[in-house]
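These values consider heavy atoms only, across backbone and side chains, with no hydrogens, waters or symmetry-generated copies. Letters go in sequence order (proteins before strands), and every chain restarts at 1.
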2 protein chains.
Amino acid sequence: MPDSAFGEIRDLPLFAAMTDANFAALVRGAYVQTFPAQIELIAEGDPSDFLHIVLSGSVDLFASWNGRETSLATVRPISTFILAATVRDAPYLMSARTLEKSRIALIPSQDVRAVFDIDANFARAVVTELAQCYRSVVKAQKDLKLRTSLERLANYLLRQQRRAGGAVSFELEHEKRRLASVLGMTPENLSRAFKGLQPYGLAVDGARVTITDQAELLRFARPSPLIDDAAT
Amino acid sequence: MPDSAFGEIRDLPLFAAMTDANFAALVRGAYVQTFPAQIELIAEGDPSDFLHIVLSGSVDLFASWNGRETSLATVRPISTFILAATVRDAPYLMSARTLEKSRIALIPSQDVRAVFDIDANFARAVVTELAQCYRSVVKAQKDLKLRTSLERLANYLLRQQRRAGGAVSFELEHEKRRLASVLGMTPENLSRAFKGLQPYGLAVDGARVTITDQAELLRFARPSPLIDDAAT
DNA sequence: ACGTGGCCTTGACATTTATCAATCGGAGGG
DNA sequence: CCCTCCGATTGATAAATGTCAAGGCCACGT
């Protein structure tokens with residue numbers, strides 16, 4: 001294991017507070033690999049053999065049932081996924097695939113659990129990370145159950161605008177078909193939803209979105225920090 | 001603080017492995033209180049002052065937005081709620097109200113965080129609990145996005161049947177209006193959904209549900225351990 | 001330059017779900 | 001015992017969302 005490859009994750013909140021020795025134990029059996037786009041990294045139901053960390057690129061977490069499929073989240077650098085399955089030594093609840101060419105670090109789950117048992121700082125960091133993940137899913141749940149598809153799209157766009165630095169105009173970062181799945185609707189409906197937001201100050205051209213009337217869109221979307229703020 | 005009042009939570013997985021001294025520190029500022037039904041214990045957006053533990057009765061976790069409201073989960077004895085908010089010292093994402101007369105233990109959040117910082121066993125227990133909570137929400141998310149309301153009801157009933165010991169006939173444990181909210185539909189639709197399941201081996205009389213054709217209902221519901229098993 | 005394939009869009013239609021209004025029926029109080 | 005209230009149900013209707021089929025657009029490779 002070249003140490004250099006793990007330098008970039010050493011400072012992650014998850015690993016920052018642990019001892020060098022324990023970090024070394026963690027990465028001893030780990031490796032970093034580059035995957036092309038559209039590769040399925042894990043499948044739901046599989047045993048959780050590795051904790052995954054996205055170093056570059058992006059990963060789609062999705063789930064299937066009865067022939068249907070839905071995207072649940074996108075993982076961006078630098079963060080982990082399926083931490084909960086690793087901790088509980090339980091099967092993955094979601095599948096994961098690369099959205100683009102991505103570098104992924106894989107740490108054997110048993111090593112994570114072993115170090116977790118002996119390094120209190122690491123255990124605390126895991127708690128913080130998990131609590132964060134939990135709250136994200138709860139927010140997604142509220143988004144889904146309390147809002148219509150038009151409202152979800154409007155709030156999604158406002159969140160994206162913030163991610164893009166607040167500019168009036170920005171590019172969508174996902175394929176629209178996947179965005180539709182994330183938002184819990186069909187691609188056809190997403191097209192109509194974009195049109196449906198035009199009266200509320202939105203213009204779309206391909207992947208470029210322009211918020212022509214911020215106040216009006218805000219009035220329609222009614223974003224709430226308890227649903228839309230990533231930080232809290 | 002009468003020690004007796006906390007004996008029943010001492011053996012919870014969350015507290016079992018911690019030292020007596022730390023447990024004492026945890027319950028020093030804690031208290032137990034009995035609330036009548038329909039009391040709002042916490043409101044979403046409030047700072048997380050206390051970790052709550054349901055000792056008896058039951059508690060509804062719900063959320064509101066823009067005049068709408070939805071139930072997200074039910075907490076039964078003996079378990080905690082809003083652990084994630086406590087850990088992160090962040091505002092509650094959900095409101096909570098008693099569904100019936102309930103005894104609740106309240107532990108000051110700052111004490112939880114303080115003990116969490118010095119007791120590795122407690123920290124590990126919190127991780128396990130949080131990972132469990134996280135996986136529950138993910139399952140709920142999959143249920144919501146991958147299934148129609150009829151399918152959600154069918155699978156809910158099969159889960160309830162298992163909870164009730166597997167008997168062919170059992171009582172619903174929630175008001176139907178609340179069950180509708182949990183399942184993400186209106187009460188009117190829930191009524192129709194019950195009727196819609198009759199051809200698949202279901203009979204309903206008030207709160208009593210009878211599965212007249214288990215095989216047929218299973219064939220329709222197609223339960224999956226990755227959505228419907230509480231344990232995994 | 002020209003196909004070609006994939007994704008997006010559009011329209012027509014079907015299905016699902018919500019809304020509104022009215023009624024039913026059981027639990028509890030006078 | 002009857003009345004009243006509240007939740008559950010039902011029917012009619014509207015709105016939201018999904019499905020199917022067709023066509024447009026753009027990027028890609030030959």
Side-chain angles (χ1 to χ4, degrees), chain A residues 36-38 60 65-71 97 99-101 143-157 171-200 202-209 220-221, chain B residues 36-38 60 65-71 97 99-101 143-157 171-200 202-209 220-221:
Chain A
Q38 305 301 330
D60 180 33
W65 178 80
N66 205 16
R68 296 165 216 165
E69 181 182 309
T70 187
S71 285
R97 76 183 141 222
L99 286 168
E100 54 193 307
K101 188 175 168 215
D143 189 44
L144 210 55
K145 289 186 80 174
L146 289 168
R147 291 171 169 164
T148 66
S149 59
L150 215 57
E151 290 163 345
R152 289 199 296 279
L153 176 59
N155 280 292
Y156 172 85
L157 292 174
E171 299 275 333
L172 294 174
E173 52 186 1
H174 296 307
E175 226 177 3
K176 284 187 183 170
R177 54 161 48 200
R178 216 180 75 77
L179 174 56
S181 181
V182 169
L183 293 176
M185 57 178 117
T186 58
E188 293 95 329
N189 245 317
L190 178 62
S191 272
R192 294 177 186 117
F194 272 120
K195 280 197 163 177
L197 287 179
Q198 283 177 16
Y200 300 103
L202 187 80
V204 187
D205 177 40
R208 173 149 294 268
V209 172
F220 174 80
Chain B
Q38 305 301 331
D60 181 33
W65 179 78
N66 205 17
R68 297 165 216 165
E69 183 182 307
T70 187
S71 285
R97 77 183 141 223
L99 287 168
E100 55 194 305
K101 187 173 168 217
D143 189 45
L144 209 56
K145 290 186 80 176
L146 289 169
R147 290 171 170 165
T148 66
S149 59
L150 215 57
E151 290 163 345
R152 289 199 296 278
L153 175 59
N155 280 292
Y156 172 85
L157 292 174
E171 299 275 333
L172 294 173
E173 52 187 0
H174 296 306
E175 227 178 1
K176 284 187 183 171
R177 54 161 47 200
R178 214 180 74 77
L179 175 56
S181 181
V182 169
L183 293 176
M185 56 179 119
T186 58
E188 293 95 328
N189 246 316
L190 178 61
S191 274
R192 293 177 187 119
F194 273 120
K195 283 198 163 179
L197 286 180
Q198 283 177 15
Y200 300 103
L202 188 81
V204 187
D205 179 38
R208 172 149 293 268
V209 172
F220 174 79

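Distance E175(B) CD to dC6(D) P: 12 Å, rounded to the nearest Å. If you take CZ of R208(A) and P of dC26(D), they are 16 Å apart, rounded to a whole angstrom. Separating the CZ atom of R152(B) from the C1' atom of dT17(C) is a distance of 10 Å, rounded to the nearest angstrom. Regarding K195(B), its NZ atom lies at a distance of 17 Å from the P atom of dT17(C), rounded to whole Å. One can place CE of M185(B) at 16 Å from C1' of dT15(C), the figure rounded to the nearest angstrom. Straight-line distance from the CG atom of L150(A) to the P atom of dT17(D): 8 Å, rounded to whole Å. Spacing between atom CZ of R68(B) and atom C1' of dA18(C) amounts to 11 Å, rounded to whole angstrom units. Spacing between atom CG of D205(A) and atom C1' of dC25(D) amounts to 11 Å, rounded to whole angstrom units.
Looking at R97(B), R177(B), R178(B) one by one, the single match for salt bridge (Lys or Arg N to Asp or Glu O under 4.0 Å) with E69(B) turns out to be R97(B).
A donor-acceptor contact under 3.5 angstrom links the side-chain atoms of R192(A) to the base of dG11(C). With hydrogens and angles ignored, a donor-acceptor pair under 3.5 angstrom links the side chain of E188(A) to the base of dC20(D).
When each of dT19(C), dT10(D), dT19(D) is scored by its nearest atom to the side-chain atoms of T186(B), the top-ranked nucleotide is dT19(C).
Here the straight-line distance linking atom CZ of R192(B) with atom CG of L150(B) works out to 13.0 Å at 0.5 Å rounding. The structure places CG of L157(B) at 7.5 Å from CG of L179(B), a figure rounded to the nearest 0.5 Å. We find the CG-NE2 distance between L99(B) and H174(B) to be 7.0 Å, quoted to the nearest 0.5 Å.
Distances shown here put a side-chain N or O of S149(B) below 4.0 Å from the OP1 or OP2 atom of dT17(C). Proximity of N189(B) to the phosphate of dT17(C): no side-chain N or O atom is located under 4.0 Å from OP1 or OP2.
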